[in-house]
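Here's the structure, in structure tokens; my notes come after.
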Amino acid sequence: MVVTRFAPSPTGYLHIGGLRTALLSYLWARRNGGKFLLRIEDTDKSRNSEEAALAIVEAFKWVGLEHDDAIVYQSARDGVYAKYILQLLDEGKAYKCYMSKDELTELRETQMANKERTRYDGRYRDFDGTPPEGIDPVIRIKAPKTGEIVIDDGIKGRVSFQAEDILDDFIIARGDGSPTYNFVVAIDDALMGVTEVIRGDDHLSNTPKQMVVYRALGFDLPKFYHVPMIHNADGKKLSKRDGATDVMAYKEMGYLPEALLNFLVRLGWSNGDQEIFSLDEMLTLFDPSSINKSASIYNIDKLDWLNAHYIKNSTNTALATLLHESYGVNVHGHDQKEILLDALKERAKNMKELAELIPGIIEAPTEYDEKAVKKAFKDDAIAVLEAFVTKLESAELLHLPTDYHHQMEALVSEMEIGFGKIGMPLRVALLGSMGGPGMDSVMAIIGKDETIARIKKAVETLS
RNA sequence: GGCCCCAUCAUCUAAUGGUUAGGAUUCAUGGUUUUCAUCCAUGCCAUAGGAGUUCAAAUCUCCUUGGGGUCACCA
């Protein structure tokens with residue numbers, strides 16, 4: 001069975017880059033009928049892990065990703081780690097190191113001064129004398145001193161390191177006994193049965209260390225997929241400074257989760273010329289081994305385009321629900337919902353914008369844009385509007401946009417004028433400015449009485 | 001700096017030794033529209049550089065250059 005996992009460190013919210021690796025892990029697990037697990041890496045006890053986990057679950061819920069089984073908290077697994085530390089100590093695969101932090105710093109400085117690689121010198125590796133007083137020893141694992149370490153990465157291919165270049169006997173437990181990251185990651189992945197580790201390629205250089213732990217403990221290695229980073233416009237790793245990195249901020253900005261997921265899955269991965277992917281399509285098509293090797297730059301333009309696309313293709317019912325729940329905007333009645341949203345959903349880049357467009361239609365204008373008035377109200381505009389009011393008053397069964405359209409057509413043919421002669425002044429009268437949806441739709445949305453009232457008010461104010 | 005990774009339009013990417021190097025976004029222009037947006041059409045724009053291998057290189061090899069990541073008793 002394929003088991004993947006997402007293992008964020010608790011920073012308080014779900015990062016957009018994290019969502020991408022989570023999505024990819026999720027897709028691959030689901031496609032193979034496997035499991036997608038969630039683990040919170042909170043070995044640093046000073047941070048509030050409960051809150052962070054909640055924030056991540058909330059974001060998962062918003063985008064529709066579901067993890068299997070209970071969330072695993074590393075902070076609750078001290079006993080597990082302690083057991084393995086003891087085991088390694090017993091087997092002579094790890095040892096206590098009594099070097100003080102000052103000594104360590106000193107060693108590093110000397111090495112730096114000599115332009116050597118900074119590394120632990122292994123002075124306690126085979127120590128059997130009397131340990132110095134007053135030092136809480138750290139536990140170090142015996143790492144190979146020489147030899148080649150090869151990662152058979154599902155994305156990068158064969159990546160090879162020399163032990164002498166990168167390894168030393170690294171710390172697996174601190175002076176206070178708490179275990180360190182590279183140690184617990186390996187243990188948890190192995191114990192949780194993770195078969196494929198899909199994560200950012202900033203972890204590539206951690207992998208050899210984790211492999212040392214796997215080997216020492218006799219665990220089977222998972223398949224690694226190191227996904228290239230997402231960069232900002234400057235080509236650097238995306239960071240908080242780059243603005244919207246919190247997934248939930250995208251909800252606030254009015255993005256649809258399907259747009260965000262579609263955008264993220266296309267970063268570094270493609271299926272021919274296809275741009276639009278439903279979650280179902282991703283589920284049948286995605287394969288981590290076809291992810292690109294190079295980093296991609298985060299460019300919001302394409303997200304905007306996708307978001308507009310998904311809004312246009314949403315049902316009015318779905319939009320109305322969202323508008324109500326997230327923006328407190330209510331559209332009343334079946335007709336208004338259908339006609340109004342049909343007219344507006346083609347014009348909004350995001351849900352926030354859509355929400356803001358609505359009052360501009362259903363509320364009467366309180367003022368008239370000066371430029372628009374100047375452009376629209378010349379010659380006999382007033383007379384045309386008055387004639388139109390008369391026409392509407394005598395008309396029956398005005399309901400759909402086409403009904404109003406017929407009225408406009410009739411008027412322009414009777415008066416022998418162009419469409420613009422009625423369209424432009426009418427637009428100013430009903431909306432207060434140029435721009436916006438077709439007048440036939442607007443009239444159908446606000447209805448006959450309101451239409452007449454708005455025209456009369458405009459005629460009165462502007463003549 | 002050591003180690004590792006990467007390199008096709010501005011951006012996301014396609015082309016797994018043979019294509020006029022394709023698509024999408026952005027941008028520009030035109031059309032549609034009473035207006036704006038949408039939509040449609042058209043256009044602009046790329047194989048980082050240099051050696052090799054080959055009948056043939058974006059694609060394979062090497063070098064250079066450039067970019068990124070990582071080097072903790074953080075995760």
Side-chain angles (χ1 to χ4, degrees), chain A residues 7-11 41-44 46-47 74 97 99-101 104-105 108 112 115-119 136-140 151 153 155-157 159-162 164-168 170-182 184-185 200-208 226 228-229 231 233-237 263 266-276 292-306 308 312 343-349 353 357 372 375-376 408 412 418-428 431 433-440:
Chain A
S9 54
T11 54
E41 313 238 304
D42 56 351
T43 50
D44 185 341
S46 60
R47 290 189 261 204
Q74 289 186 329
C97 170
M99 203 172 177
S100 70
K101 284 188 188 178
L104 231 193
T105 311
R108 257 199 281 271
M112 263 158 32
K115 295 198 170 159
E116 288 167 18
R117 170 166 98 80
T118 57
R119 70 207 294 187
D136 291 327
V138 299
I139 314 291
R140 291 181 179 272
I151 304 170
D153 193 89
I155 294 171
K156 305 281 187 185
V159 181
S160 156
F161 301 84
Q162 292 301 319
E164 53 266 45
D165 287 336
I166 53 158
L167 255 26
D168 62 3
F170 58 93
I171 293 172
I172 58 172
R174 303 180 183 95
D176 65 2
S178 63
T180 58
Y181 172 75
N182 285 120
V184 297
V185 164
D201 73 2
D202 50 345
H203 286 285
L204 192 58
S205 46
N206 278 326
T207 309
H226 285 100
M229 299 277 89
H231 285 169
D234 298 331
K236 309 267 195 245
K237 194 173 160 181
F263 174 70
R266 279 286 287 104
L267 244 37
W269 179 80
S270 62
N271 179 56
D273 286 340
Q274 186 173 354
E275 296 289 348
I276 305 297
N292 278 169
K293 291 175 168 190
S294 55
S296 35
I297 291 174
Y298 184 86
N299 180 250
I300 201 99
D301 284 339
K302 200 137 185 179
L303 210 208
D304 283 336
W305 174 75
L306 281 166
K312 268 179 285 204
L344 291 183
K345 72 183 176 187
E346 311 245 306
R347 332 176 60 82
K349 276 215 305 283
E353 217 172 271
L357 284 171
K375 193 175 174 194
M408 290 174 77
V412 297
F419 228 100
K421 291 281 183 199
I422 173 66
M424 294 208 282
L426 188 57
R427 179 168 296 283
V428 174
L431 300 177
S433 64
M434 302 303 264
M439 295 325 298
D440 42 11

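Note that the coordinates shown come from a computational prediction; the quantities given were computed from them, not determined experimentally. Note: hydrogens, waters and symmetry copies are ignored here, and every other heavy atom, side chains too, is used. To find a chain, count down the sequence lines: A is the first, B the second, and so on, and within it residues start at 1.
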In the strands shown, is [N] matched to any nucleotide by a Watson-Crick or G-U wobble pair with both distances under 3.5 Å, and which?
N: B:rU16; answer: none
N: B:rU33; answer: none
N: B:rU61; answer: B:rA51
N: B:rC3; answer: B:rG69

Quick one: label [X] by what it contacts on the DNA or RNA (base, sugar-phosphate, nothing), any heavy atom closer than 4.0 Å.
X: A:Ser433; answer: nothing
X: A:Val138; answer: base
X: A:Gly436; answer: base
X: A:Pro437; answer: base
X: A:His231; answer: sugar-phosphate
X: A:Tyr181; answer: base
X: A:Arg117; answer: nothing
X: A:Lys293; answer: sugar-phosphate
X: A:Gly438; answer: base
X: A:Lys237; answer: sugar-phosphate

My understanding is that only residues two or more places apart in sequence, or in another chain, count here; which of them pass side chain to side chain contact (heavy atoms under 4.5 Å, CB included) with [X]?
X: A:Asp304; answer: A:Tyr255, A:Ile300, A:Lys349
X: A:Ile171; answer: A:Val138, A:Arg140, A:Thr180
X: A:Asp234; answer: A:Asn232, A:Lys236
X: A:Lys345; answer: A:Ile311, A:Asn316, A:Leu319, A:Asp342

Electrostatic pair A:Arg117:A:Asp165 at N-O distance under 4.0 angstrom: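 Between A:Asp165 and A:Arg117 there is no salt bridge, as every charged N stays at least 4.0 Å from the carboxylate O atoms.
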
Should A:Glu275 and A:Lys302 count as an ion pair when the cut-off is N to O under 4.0 Å?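 Result for this pair is yes, salt bridge flagged.
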
State which residues pass salt bridge (Lys or Arg N to Asp or Glu O under 4.0 Å) with A:Lys237; sequence neighbours excluded, sorted by chain then number.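 Salt bridge (Lys or Arg N to Asp or Glu O under 4.0 Å) check on A:Lys237 returns A:Asp202.
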
What residues, two or more places apart in sequence or in another chain, satisfy side chain to side chain donor-acceptor pair (under 3.5 Å) together with [X]?
X: A:Asp440; value: A:His405
X: A:Ser294; value: none
X: A:Asn271; value: A:Gln274

Shortest side-chain distance from [X], nucleotide among [options]:
X: A:Val159; options: B:rU26, B:rC5, B:rU34; value: B:rC5
X: A:Ile166; options: B:rC73, B:rA75, B:rC3; value: B:rC3
X: A:Arg108; options: B:rU35, B:rA72, B:rC5; value: B:rA72

Between A:Gln162 and A:Met229, which has a closest nucleotide on RNA chain B that is more 5'?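 Looking at RNA chain B, the more 5' nearest nucleotide goes with A:Gln162.
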
Starting from the 5' end of RNA chain B, give me the residue, A:Leu204 or A:Met424, whose nearest nucleotide shows up first.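 The residue whose closest nucleotide sits nearer the 5' end is A:Leu204.
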
When you look at A:His203 and A:Val185, which way does the side-chain contact (heavy atoms from CB on, under 4.5 Å) test go after all the steps? CA-CA 11 Å; A:His203 286 285; A:Val185 164; over 6 Å; no

Pairs under 3.5 Å (N/O, protein and nucleotides 57-61 of chain B):
none

Checking A:Trp305 now: which residues fulfil ring-ring contact (aromatic ring centres under 6.0 Å, His included) with it, not counting sequence neighbours?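 If we apply the ring-ring contact (aromatic ring centres under 6.0 Å, His included) test to A:Trp305, skipping adjacent residues, there are no hits.
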
Between protein and nucleic acid, restricted to nucleotides 39-43 of chain B and to nitrogen or oxygen atoms under 3.5 Å apart, what atom pairs and distances do you find?
| from | atom 1 | to | atom 2 | distance (Å) |
| --- | --- | --- | --- | --- |
| B:rC39 | OP1 | A:Lys312 | NZ | 2.9 |

Is the shortest side-chain N/O distance from A:Arg119 to OP1 or OP2 of B:rC3 below 4.0 Å?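 For B:rC3, neither OP1 nor OP2 has a side-chain N or O of A:Arg119 closer than 4.0 Å.
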
Could you check whether A:Phe263 and A:Tyr298 have their ring centres less than 6.0 Å apart?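 Yes.
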
B/S/- contact track for nucleotides 12-19 of chain B, protein heavy atom under 4.0 Å: BSS-----

Without decimals, in angstroms, what is the distance between A:Met439 CE and B:rA37 P?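 From A:Met439 CE to B:rA37 P: 17 Å.
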
